[in-house]
Trainee: 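Sharing a structure here in structure tokens format.
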Number of protein chains: 2
Amino acid sequence: MKRFGEEMQQRRKSTRKSPTMLDVAQSAKVSVATVSAVVNGSTPVSPELRSRIETAIQQIGYKRNTIARSLKIGTTRTIGLMVADITNPFFTDVVSVIQDVLHRAGYAVMLCCNDEDINLQDEQIELLLDRMVDGLIIAPAGEDAHLKRILASASVPTVLIDRLCDGIETDAVILDNRRAVLDATAYMLSLGHRRIGYISGSLETSTGRERLAGYRAALDAAALPFDEKLVQIGNFREKDAYKAAMQLLTSAGRPSAIFSANNLMVIGVMKAIRDIGLRCPDDISVVSFDDFPWADVFQPHLTTIAQPVQTIGEQAAQLIIDRLSGRGMEPPRRLMLQGRLIIRDSCRPFPLTAPHATA
Amino acid sequence: MKRFGEEMQQRRKSTRKSPTMLDVAQSAKVSVATVSAVVNGSTPVSPELRSRIETAIQQIGYKRNTIARSLKIGTTRTIGLMVADITNPFFTDVVSVIQDVLHRAGYAVMLCCNDEDINLQDEQIELLLDRMVDGLIIAPAGEDAHLKRILASASVPTVLIDRLCDGIETDAVILDNRRAVLDATAYMLSLGHRRIGYISGSLETSTGRERLAGYRAALDAAALPFDEKLVQIGNFREKDAYKAAMQLLTSAGRPSAIFSANNLMVIGVMKAIRDIGLRCPDDISVVSFDDFPWADVFQPHLTTIAQPVQTIGEQAAQLIIDRLSGRGMEPPRRLMLQGRLIIRDSCRPFPLTAPHATA
DNA sequence: TTGTAGGCGTTATCAC
DNA sequence: GTGATAACGCCTACAA
């Protein structure tokens, strides 16, 4: 049994340089082509050489250089993922399953968040494209012309999640936002609420617009007037929502219920309610978009519209995987999922039927 | 069939082939070296050529190929980031600021989460290393030998966050977990609790061990015995914590208070308390690790140990940036930050000073 | 100031 | 089955 001289590679090792295919080839006394063949299983190699090469790889500690490989084959097996806010549990849930599915399929994910900032967004996408990602999954913060230009000229497949972009025809998986909010608003109406405050997200996003449209549609369906003083436009984040709710709560003709167009904002709303000295649901009702894992254990138990986060993530990942493996030129596929209204405790009938009236 | 395939290949290639430096050079009638010079600003170029090249770049829509560049210069300007659970608000907060700081410094971040799974963890790190990241920021799920070997042989700087690893001497930023839990436990003791249940995270992690050590230390300091029946070992996630809390709550000699070693677990604890028909804090007190943005607006208002997430993220990012820009060989730096006990409402004195004078 | 040529580590196309 | 060798797109001495 011959032993491979460990001393021979010292020179290279001292420079901290990682071993290359050539090193393996020399050590196993074969050509790089053969090494490549066993590493990739691309062409059959005789058992003898194969084992010689494999032990050489072990000994040297060879790892194939993905950068060089990518340069050669023109693919990075990396997906760029951009969401507006990674601090938002909805997005983290989705990101988590996307990451999981993609990992299983052999893709890495490069993550960016733009903090709902439209300029940062463009920068992030450029950065992702710059890294030569094979595909893009994004939840756009807004729809500026720049974004559209970038996506149009980008040669990689894109799938939009959560939010659509006018004029961008790509695969997408979104929620039926209008319907979801329509249902939720109808529910509030059915409980007797007539003045329902609405804390909106940014109307730069399709979700912002569609959810508001759902609210209006419910009002219309009930032949109720739309009072724009009841609507406050925020940006999907807690701080703005706090201010917006404050505005609503201190104005003349305070609403008896408030709808919050996402999860982060409802926290701002609740803080405003607390700071103003009211209680939910005793003094004011609240319904929100997006569910929380803790929603049915901390009080008030929030009545919310839950999104199928698991499915959204799975489908988005699958769409990009499909696109990348063959279905290059097929027409865009759009998946629209349904939300689910979870009725808990934060929205009560109005006017309140006194609970301890006679008992 | 074959024919068709070839055609597709051809077509795709012709459609998606992006312009190279050579194309720019030819279009501007200069050499690639000059193009490279203006793209990178590496050597001065005459104004005339520069503008000619710049317009050519515009016209052609040239983007430099980072893969080729990386292969040449040996750096990807990408940092690998691995956390145990991206669904955990603590990690997302930290990830968010790391991503932000790193982006500002011109780095992209490649994100992985291992779901507290030690095998997945090794896989993820290999994947990251495989992608030739310039550095690693990780919160290890556990400390198996494989991980240590990988990190030891990895030639990129690593910074550990949140959790340390025995035998891995790298930069790190962590919390003084022992002290934080010691303080929190002392607080519970000061309120009169004597039987304090402890829901632990995995003892495979330094945080799991240190936090438990803090609990014991507080008991010791108060000359109280350590009762191992009061301790349940979980894995930092809601589900296990639920079971653990159930165990605790249904056993003889039920504790009057429970400490939860992280944020996800406290939700499981609260669910168990609810399902068993108890109320917090009326029937049982709870203190937890990690704060929530909603903790002071939903009830019970949780008494928790808050971590300085902003600082943790900033410091971690800065450590890796520093390491990457020069300070290559300096000894590892370890930052230990202090937690802050936020006293709210979920932990009451024991025995309760009866508010309505019963019996 | 500008151009030429060699090489980064792989993969793929050929010969043998 | 195996081995030279030419790309992949870019950077950087070294020349001119």
Side-chain angles (χ1 to χ4, degrees), chain A residues 9 12 15-54 56-57 60-77 129-132 134 155, chain B residues 2 5-6 9-10 12-14 16-53 56-57 60-77 129-132 134 155:
Chain A
Q9 300 291 329
R12 293 235 171 235
T15 60
R16 236 32 191 132
K17 192 161 176 342
S18 45
T20 97
M21 237 175 204
L22 187 66
D23 297 328
V24 176
Q26 286 172 348
S27 166
K29 298 194 201 317
V30 294
S31 76
V32 286
T34 314
V35 177
S36 177
V38 3
V39 169
N40 299 306
S42 42
T43 24
V45 173
S46 70
E48 197 213 346
L49 284 200
R50 146 165 281 121
S51 79
R52 226 161 71 203
I53 289 170
E54 274 164 355
I57 287 176
I60 300 192
Y62 166 75
K63 314 240 73 175
R64 118 177 124 192
N65 183 328
T66 313
I67 297 298
R69 174 164 215 265
S70 291
L71 176 61
K72 183 63 184 162
I73 69 181
T75 197
T76 54
R77 289 200 81 79
L129 256 15
D130 206 60
R131 286 325 190 266
M132 302 272 140
D134 289 346
S155 49
Chain B
K2 196 174 196 172
E6 280 166 10
Q9 193 103 349
Q10 281 299 91
R12 273 173 69 185
K13 238 181 180 163
S14 66
R16 70 165 42 179
K17 176 144 165 76
S18 44
T20 96
M21 238 176 203
L22 188 66
D23 298 327
V24 176
Q26 287 171 346
S27 166
K29 298 193 201 317
V30 294
S31 77
V32 287
T34 315
V35 177
S36 175
V38 4
V39 169
N40 299 308
S42 42
T43 25
V45 174
S46 70
E48 196 212 347
L49 284 198
R50 147 165 278 120
S51 77
R52 227 161 72 203
I53 291 170
I57 288 177
I60 301 192
Y62 167 75
K63 313 239 74 174
R64 96 176 147 198
N65 183 326
T66 312
I67 298 299
R69 177 167 213 268
S70 290
L71 177 58
K72 183 60 187 169
I73 69 182
T75 196
T76 53
R77 289 199 82 78
L129 256 16
D130 207 58
R131 293 303 193 283
M132 301 273 142
D134 289 346
S155 48

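Residue numbering restarts at 1 for every chain, and letters A, B, ... go by the order of the sequence lines.
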Trainee: Between the side chain of T43(B) and the main-chain N/O of A37(B), is any donor-acceptor distance below 3.5 Å?
Mentor: no

Trainee: With side chains defined as the heavy atoms from C-beta onward, is the minimum distance between T20(B) and N65(B) less than 4.5 Å?
Mentor: no

Trainee: Without swapping roles, check the side chain of R50(A) against the backbone of P44(A) for a donor-acceptor pair under 3.5 Å.
Mentor: no

Trainee: Heavy atoms only: give me the nearest V39(B)-R64(B) pair and the separation to one decimal.
Mentor: CG1-NH1, 3.7 Å

Trainee: Which heavy atom in S42(B) sits nearest to a heavy atom in S36(B), and how many Å separate them?
Mentor: OG-O, 4.2 Å

Trainee: Is the closest side-chain heavy-atom distance between K63(B) and L129(A) below 4.5 Å?
Mentor: no

Trainee: Donor-acceptor check, side chain of R131(A) to backbone of T76(A), threshold 3.5 angstrom: yes or no?
Mentor: no

Trainee: Contact class for I67(A) (heavy atom, under 4.0 Å): base, sugar-phosphate, or nothing?
Mentor: nothing

Trainee: Compute the angle between the rotation axes at the two ends of the helix from dT1(C)-dA16(D) to dC16(C)-dG1(D), each taken over five pairs, rounded to 10 degrees.
Mentor: 40°

Trainee: Between the side chain of S27(B) and the main-chain N/O of A56(B), is any donor-acceptor distance below 3.5 Å?
Mentor: no

Trainee: Report yes if a side-chain nitrogen or oxygen of S46(A) is closer than 4.0 Å to either non-bridging phosphate oxygen (OP1 or OP2) of dT2(D); otherwise report no.
Mentor: yes

Trainee: For each nucleotide in nucleotides 8-14 of chain D, reading 5' to 3', give B when a protein heavy atom comes within less than 4.0 Å of its base, S when such contact involves only the sugar-phosphate, and - otherwise.
Mentor: BBSBB--

